[in-house]
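First listed ligand is number 1; within each ligand, the first listed atom is number 1. Owing to the predicted nature of the structure, the values given are computational and were not obtained by experimental measurement.
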Amino acid sequence: MPKKSPKKESGTASVPATGGLPARRVALAGFGTVGRTVAKILCERGGGTIALTHIFNRNVAGKKRPWVPDDVVWTQDFNSILHSDAEIVIELIGGLTPAEEFVRSALQAGKSVVTANKQLIARHGPDLLQLASANGCQLEFGASVAGGVPVLPALRTGLCGDRLHGIAGILNGTCNYILSRLESDRIPFSEALEEAQARGYAEADASEDLDGGDARAKLSILALAGLHVRVSPADIRARTIRTIDAVDFDYAAELGCTIRQISRADLKEQTLFAEVGPSLVPASSPFGRVQKNLNLVLTSGEYGGDVAFLGAGAGGYPTAVAVISDLMFVAENLTAGTRPHRALQLATPHVSCDFETPWYLRFWVKDQPGIISSLAAILSAHRLNIDAVLQKPGFEKHALPFVITLEACRDSQLHPALQEMSTQPFALRPCLSLPILR
Ligand SMILES: NC(=O)c1ccc[n+]([C@@H]2O[C@H](COP(=O)([O-])OP(=O)(O)OC[C@H]3O[C@@H](n4cnc5c(N)ncnc54)[C@H](OP(=O)(O)O)[C@@H]3O)[C@@H](O)[C@H]2O)c1
């Protein structure tokens with residue numbers, strides 16, 4: 001959830017044509033947090049090559065603002081936009097219904113579309129890109145991942161000369177806020193969540209954020225745009241951050257690490273290794289240094305190596321900037337009579353979460369003799385090598401956390417051992433396993 005807009009909704013400006021070029025006519029659908037901010041910036045800037053002609057929203061009477069020029073048509077009938085002379089539709093309604101139908105009908109009517117809608121693009125992006133191409137239109141969705149961080153436009157232009165094979169990111173500001181609060185003050189998870197909700201960084205029901213649904217939708221869009229693959233969010237494994245305790249940050253620190261929700265996708269031949277979940281990362285790494293609700297995306301290319309993008313992942317103003325940047329890109333192409341190249345031939349690789357990494361295993365046990373030897377026997381039976389055993393003093397014997405780290409192995413090799421270890425009589429909770437990303 002974004003913070004409240006820092007600016008007042010005041011002041012009017014028109015958006016006339018300049019420089020002899022016709023202004024591109026733009027209809028805005030959705031006058032909420034982002035839509036209102038987009039309209040505000042367009043009206044404030046004025047004098048450009050964009051002319052806002054329509055604003056669509058339900059219950060439109062209650063939405064009207066005095067700073068919108070009088071010649072802008074307010075409507076709650078989307079058909080009036082479809083039948084208008086608007087050339088570009090900005091979709092900022094969100095969700096799948098009715099946004100999907102609006103976007104499809106706009107493209108079918110020959111209107112280009114700019115959207116910030118991650119659900120829509122994650123589920124239907126490839127089909128909508130085809131539809132746009134078939135109708136001679138453009139579809140841009142730069143604000144749908146990492147809000148104001150221009151990673152998708154960079155994938156479209158600045159990095160299209162490389163052959164990317166990996167993308168990783170901190171894509172969910174809510175999770176990063178909570179984990180960095182656990183890190184800085186070792187507060188309980190529930191307290192960090194309540195704080196995030198009170199500050200407007202988390203929804204009342206934050207399941208989509210905490211359990212990885214939001215981040216995996218964004219990862220599928222990044223994989224589409226950067227790796228040119230078609231992957232459904234549902235095929236990407238998501239692990240929750242709800243299992244992380246403040247004590248995990250103490251143990252992570254002993255290993256020179258901290259914990260972040262990391263979304264990662266690696267394309268290796270015909271397999272896309274992809275997952276979202278809490279992971280140990282070096283405290284001094286770019287991921288380890290990302291605080292509060294910022295987003296970070298790292299791309300890895302065959303020729304250009306690694307590139308990082310950092311910034312505000314949400315909020316009315318950063319997201320509106322991303323939307324308007326897309327809008328200007330589309331408008332310039334319309335004026336020039338060009339259309340950007342889009343990779344419409346997408347691969348459909350096998351999707352796997354079977355990454356090979358070292359592991360952090362945290363146990364919460366009722367202390368008794370022989371625990372370590374029992375666990376070591378299980379690990380050895382599954383041919384897993386222990387790297388270190390860590391136990392901090394100061395805990396009660398009836399509820400004792402300790403950690404075993406493992407040398408690199410595949411997720412699939414670890415999984416059966418985890419199940420066995422979690423059902424031991426001394427185990428108070430299932431073992432927490434986190435990949436260690438170096
Ligand atoms: N907010 C962010 O920081 C952020 C960041 C990145 C991407 N995005 C994306 O940007 C899009 C817009 O987000 P937002 O935060 O601006 O959402 P929002 O504040 O909820 O605004 C949505 C607007 O659409 C209107 N609307 C919803 N359903 C409608 C319908 N069936 N018919 C007509 N109008 C309808 C709403 O009207 P009512 O007021 O009547 O409900 C509201 O004005 C979403 O796709 C979101 O995922 C947002």
Determine whether the side chains of [X] and [Y] contain a donor N or O and an acceptor N or O closer than 3.5 Å.
X	Y	answer
Q76	N59	no
E91	N117	yes
Q291	Y177	no
R242	S207	yes
S352	D354	no

Would you check whether K118 has a nitrogen or oxygen atom less than 3.5 angstrom from a nitrogen or oxygen atom of ligand 1? no
Regarding ligand 1, does N59 bring an N or O atom to under 3.5 Å of one of the ligand's N or O atoms? no
Identify, by atom number and element, the atoms of ligand 1 in contact range of [X], meaning under 4.0 Å from any of its heavy atoms.
X	result
G32	16 (O), 19 (O), 21 (O), 23 (C), 42 (C), 43 (O)
N117	45 (O)
A143	6 (C), 7 (C)
I93	22 (C), 24 (O), 26 (N), 27 (C), 28 (N), 29 (C), 35 (C)
L92	12 (C), 22 (C), 23 (C), 24 (O)
G94	44 (C), 45 (O)
P98	31 (N)
A314	3 (O)

Taking the non-hydrogen atoms of F56, is any one of them nearer than 4.0 angstrom to ligand 1? yes
With a cutoff of 4.0 Å, is K63 in contact with ligand 1, counting heavy atoms of the residue only? yes
What do we get for Q76 next to ligand 1 when only non-hydrogen atoms under 4.0 Å count, side chain, backbone, both or neither? neither
L155 and C160, any side-chain heavy atoms less than 4.5 Å apart: no
Atom 13 (O) of ligand 1: of T37, V34, L96, T33, the nearest heavy atom sits on V34
On a heavy-atom basis, I'd like to know which of A217, A116, G173 is closest to atom 8 (N) of ligand 1. A116
One should read off an interatomic distance between N176 CG and E183 CD, to the nearest 0.5 angstrom, of 9.0 Å
Any residue meeting side-chain contact (heavy atoms from CB on, under 4.5 Å) with L82, in chain and number order, not counting sequence neighbours: F78, N79, S105, A106, A109
Is the Lys NZ or Arg CZ of R156 less than 6.0 Å from the centre of F329's six-membered ring, within 45° of the axis? yes
Under 6.0 Å from the ring centre and within 45 degrees of the ring axis: does the NZ or CZ of R264 meet both conditions for the six-membered ring of F355? yes
